[in-house]
Amino acid sequence: MSAPDAVRRPARFGACAVRLWDGFPVSAAAPDPQALFPGKHFISTVLEALETKTTMSGALARRYLQRAAMAGVIIGLMYATNYAVIAAFDAVEIDGSSLYPLGRIAGALAFGWALVFIYYSRSELLTSNMMIVSIGAYHRRTSWGRALRLLVLCYVGNLVGGLFIAVLVRFSTVVDGAAFDQMVASVEHKLAYVSAGPSGWTDLLVRAILCNFCINLAMLLVYNGLIKDDLTKSLVMIMSVFIFAFLGLEHSVANTVLFSIVGLKEGIDLGLASANVAIALLGNFIGGGLLIGLYYAYVNDDSKWLRGQEPQA
């Protein structure tokens, strides 16, 4: 039940006027629960989405993998576009200087559409699911074991989709030339975090935390029911991905796909790549699962407040 629908007209409970909130009688003199717990609609929407995802990852696991694979395909195409746009701007020189800085802005904006395509195609992306399963586990709508199974299945699907794009790119000239050079330079930069030792690991972890914080903050705004039109929802998602791409934040799925593309065409240090993805996964879970998921699940948990507000007969 969503928060707006849960508030009903005052009723009589003993000698006191009361209203109902999520089926509980609340004194009419008490503060408006909707103002105290404005994220109830967000939580209920996420829990409904979790039920669908849990069912699909169980009885319909093959179809769930296909939906997750499509997210990997979208990430692969849009991330490659990001680097192609950067390369195109970098090739333009004005007064002895290239337009590389503008290319990074344009590329990040183009990549921003990836989350929009994933959301509206109902594909399954690991990083947003980190928030969803964390909220579900907090409200005991799923166990951490089942949540982990869903996340692993989703990551496998994302990986399969990314590998599909990597194979297509391997046997084509889609990203040959300057675009591929940009991708190789990005991979070298990402792997350098791992080879740099603890200071690089910390840098990578922080970038991964901030990355999924941005992504799931956008999904919170999309799910909370306050934004009604698709244009604004799209702009919110585009902006969140723009921030992570432009600032060089670390996304575990995007890195996996990028490493697959470069690895199949040129080779890659699997040890460094695996370590990068492992640290990025941890950071993404902290940023999306803990800082957004568990944080907002707790902030909007009205159970204790309701027990203290029940009027006396």
Side-chain angles (χ1 to χ4, degrees), residues 1-7 21-24 26 30-54 115-116 118-119 124-144 146-148 150-151 154 205-228 232-244 249-253 280-309:
M1 182 183 297
S2 65
D5 294 336
V7 180
W21 172 260
D22 272 2
F24 287 82
V26 178
D32 181 9
Q34 174 63 25
L36 297 176
F37 305 100
K40 290 286 288 182
H41 180 87
F42 163 66
I43 298 299
S44 64
T45 301
V46 166
L47 293 177
E48 289 174 6
L50 175 63
E51 290 183 8
T52 300
K53 295 171 186 288
T54 302
L115 189 57
V116 178
I118 289 170
Y119 176 76
E124 291 289 321
L125 183 62
L126 172 71
T127 44
S128 54
N129 280 340
M130 289 176 174
M131 172 193 72
I132 291 173
V133 300
S134 297
I135 292 174
Y138 176 89
H139 287 281
R140 299 183 179 178
R141 298 286 285 272
T142 188
S143 66
W144 282 110
R146 292 171 66 190
L148 180 60
L150 189 151
L151 293 179
C154 187
L205 181 66
V206 170
R207 289 172 181 270
I209 291 172
L210 293 175
C211 175
N212 212 25
F213 180 86
C214 291
I215 296 298
N216 284 286
L217 184 61
M219 299 317 298
L220 184 155
L221 298 178
V222 169
Y223 283 144
N224 70 7
L226 296 179
I227 300 177
K228 305 299 183 182
T232 305
K233 289 181 180 179
S234 297
L235 291 175
V236 165
M237 290 185 277
I238 291 169
M239 191 62 194
S240 69
V241 178
F242 169 81
I243 291 171
F244 110 59
L249 305 182
E250 297 291 315
H251 190 280
S252 53
V253 176
L281 283 168
L282 175 60
N284 288 168
F285 183 78
I286 294 173
L290 302 185
L291 297 184
I292 297 294
L294 287 183
Y295 177 87
Y296 278 95
Y298 176 79
V299 166
N300 292 291
D301 184 359
D302 59 4
S303 57
K304 291 183 180 179
W305 182 82
L306 286 172
R307 287 194 294 271
Q309 292 296 315

Original post:
Can Phe285 and Asn212 be said to form a side-chain contact (heavy atoms from CB on, under 4.5 Å), step by step?
Top reply: CA-CA 7 Å; Phe285 183 78; Asn212 212 25; over 6 Å; no
Subject >> Heavy-atom closest contact (Val133 atom, Ala147 atom, distance) >> reply: CB-CB, 3.6 Å
**OP:** Can you see which heavy atom on Leu281 is nearest to which on Met130, and at what distance?
**Re:** O-CE, 3.8 Å
Original post:
Is a side-chain donor-acceptor pair under 3.5 Å present for Ser252 with Asn284?
Top reply: yes
**OP:** May I ask you to decide if the ring planes of His251 and Phe244 are parallel, tilted or perpendicular, using 30° and 60° as cut-offs?
**Re:** parallel
Subject >> side chain to side chain donor-acceptor pair (under 3.5 Å) partners for Asn129, two or more places apart >> reply: Lys53, Tyr64, Glu124
Subject >> Spacing of CG belonging to Leu217 relative to CG belonging to Leu210, to within rounding of 0.5 Å >> reply: 11.5 Å
Original post:
Ser134 side chain to Gly293 main-chain N or O, any donor-acceptor pair under 3.5 Å?
Top reply: no
Original post:
Is Ser128 reaching over with its side chain to a backbone N or O of Leu125, donor-acceptor style, under 3.5 angstrom?
Top reply: yes
Original post:
Looking at Asn216 and Thr127, what are the two nearest heavy atoms and their distance?
Top reply: ND2-O, 3.2 Å
**OP:** Please round to the nearest 0.5 Å and tell me the distance separating atom CG of Leu50 and atom OG1 of Thr45.
**Re:** 12.5 Å
Subject >> Shortest non-hydrogen contact from Lys40 toward Asn300 >> reply: CD-O, 3.5 Å
Subject >> Taking every non-hydrogen atom, the tightest pair across Leu126 and Leu151 >> reply: CD1-O, 3.3 Å
Original post:
For the residue pair Ser240 and Cys214, what are the closest heavy atoms and their distance?
Top reply: CB-O, 3.3 Å
**OP:** Look up atom OH in Tyr138 and atom CG in Leu294, then write down how far apart they are to the nearest 0.5 Å.
**Re:** 8.5 Å
Subject >> Leu220 and Tyr296, any side-chain heavy atoms less than 4.5 Å apart >> reply: yes
Original post:
Got a second to check how far Leu221's CG is from Thr232's OG1, nearest 0.5 Å?
Top reply: 11.0 Å
**OP:** Please tell me if the side chains of Met131 and Tyr295 come closer than 4.5 Å, counting only heavy atoms from C-beta onward.
**Re:** no
Original post:
When rounded to the nearest 0.5 angstrom, what distance separates CE in Met219 from CE in Met237?
Top reply: 6.0 Å
Subject >> Straight-line distance of Leu290 CG to Phe213 CZ, nearest 0.5 Å >> reply: 12.0 Å
